[in-house]
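Sequential numbering from 1 along the given sequence is applied to the chain's residues.
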Amino acid sequence: MIENPDQAVPEGLRAAVLSGDFDHALAWLTDNRWPKTLEFDALVETVIDVFLDVEPKAAGSLLDRHLENCSVEPPPLDLFVRRIDAACRSGDSKHARATWDLVGPLVAAIRDREERHTRLLNLGAFFENSGDLEIARSILEPVIVERRSDPVGSDSSGRLTAAVLVNLATVEFHPACRNFSRGLALLAEAASVTEHTTTLGNIAFNRGFALAQVGDIAGAELEYELAAELFGSAGAEPNDVAFVRRAQAALLGRVGRVDEAQVLYEEAIEAFLHAGAFGEAARTDIGLLMATAASGKPMSQERIETARERVAAAAPASFAELLMNIANIEANKDDLKAACATLEEAHTRFEGDERFLDAHRAELSRAVMLRRLGDPQGALEIATRARDAFVEAGAAQLLAHADHNLALIYSNLGDRKRAVDSILAAVCELDRRRHELPSAHDRLATAQVTYPRLFEAALDIALPDDELCAALIERSRVQ
């Protein structure tokens, strides 16, 4: 330890931290020299913990300086772990990977297996949440191999094994993977190794998420309800329930129950803010924004800018998704040039995060804007590239959206045959998804919300083929 007793902690900084005036504390730490004392270290780490959720980029800068000036040498492992957390939250994958190269050997040297695996579980979760699936897998896979080969029978050990399996499942469910069969198998294995109620709630929640992604809306609803029931009976953290409410809201939004979705989004935001999970509150605000836009309610530019600022500061890794929703709002106001610019920004950010399927999703949306702006040839080039990517990824719903939009583009270009072929392909995918839904309400809402105006477009393109129009009218009926 290197501590200089003559370097007192400034009273203004101490008072700011103790009173919760963390903006003032951050300003002081940014502008002044740091004394090397244990008390100063503790104050700095308090400020870092606050800004990890509120402004992870600022927390990362403080951690870099703290690692250089820490009164303890070498600096504690926790500081390096928190640096990875801050880098992952702020989307700085290069810094996160570089710090992991330093931390990995230190964690591997921990003798106690449960402590070592707990550390690795947390680190894997950081990388998974940031979308760096390669590193997440490289951390978590060896852990589960070791635990399977030498299981320990205690309840706490079972919970840890289940947690690792759940995190690996979320890697498989990520949009860049979409390996739902393996992910669901991992969740089934997790459920078999623990009876811990909160952990079982987490497993049900993730099962619900996977089922929602593959279009099993009824199954997803049941799993989310089970998760909420398990969390409630276990007296789980408000955060856990907030995650369920957000997921339920997203599910309701997908089938057109937008007013109900808004209530649940607001409930989730309030719970996240109450728990101090500002990053999750910001991510939830994206869903609320989308639901508000879908409901047709007016939204001020000030409200949009507030969301941009909140997400950029607290959840920068989700900023591109927010941009997609802002572009939808701009398009709904017929500000198509602004929507195009927003979608280009979203595309650039998705590519920078190596979320290439999402980048093509942004490009498909931009193709829609270009067609509406009178540039069907430019729209065709972009939409065709996006469709090829969706085919390669096996992303059926995105493929249907591409076919729908390509049909409109071909129609604008006067290529009726290709327009008909494309729109019928989209209708076939809608039919497949609707038949999996439990109620006539959900089937109708899915047609209206997830595949908006598809049948109207199909009928416009089918004219003057009376036989094809009659077949489409019959298929459009909701049983």
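A side-chain donor-acceptor contact under 3.5 Å links R83 and H95. Looking at E128 and H174, their side chains never bring a donor and an acceptor atom within 3.5 Å of each other.
Listed by chain and residue number, E363, E381, I382 satisfy the side chain to side chain contact (heavy atoms under 4.5 Å, CB included) test with R385 (two or more places apart in sequence, or in another chain). For E392, there are no side chain to side chain contact (heavy atoms under 4.5 Å, CB included) partners, not counting sequence neighbours. In this structure, the side chain to side chain donor-acceptor pair (under 3.5 Å) partners of D49, at least two apart in sequence or on a different chain, are R82.
The closest side-chain heavy-atom distance from D240 to V244 is not below 4.5 Å.
Under a 4.0 Å N-O distance rule, the pair R303/D285 qualifies as a salt bridge. For the pair R283 and E280, the salt-bridge criterion is met [side-chain N within less than 4.0 Å of a carboxylate O]. Classification of E321 and R349 as a salt-bridged pair fails, no side-chain N sitting under 4.0 Å from a carboxylate O. A salt bridge links R97 with E134: at least one charged nitrogen is closer than 4.0 Å to a carboxylate oxygen.
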Please set out all donor-acceptor pairs under 3.5 angstrom arising from side-chain atoms of residues 368-377, sequence neighbours excluded.
from: R372; atom 1: NH2; to: D334; atom 2: OD1; distance (Å): 3.0
from: D375; atom 1: OD1; to: G378; atom 2: N; distance (Å): 3.0

Let me check something: any side-chain donor-acceptor pairs from residues 417-427 under 3.5 Å, sequence neighbours excluded? List them with distances.
from: K417; atom 1: NZ; to: D421; atom 2: OD2; distance (Å): 3.0
from: S422; atom 1: OG; to: R418; atom 2: O; distance (Å): 3.0

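Across all their heavy atoms, H360 and A389 have their closest contact at CD2-CB, 3.3 Å.
Residue pairs satisfying the ring pair (Phe, Tyr, Trp, His ring centres under 6.0 Å) criterion with at least one member in residues 242-292, sequence neighbours excluded, are listed as follows: F243-F272.
Taking the six-membered ring where the residue is Trp, F173 and F209 present tilted rings, their angle falling between 30° and 60°.
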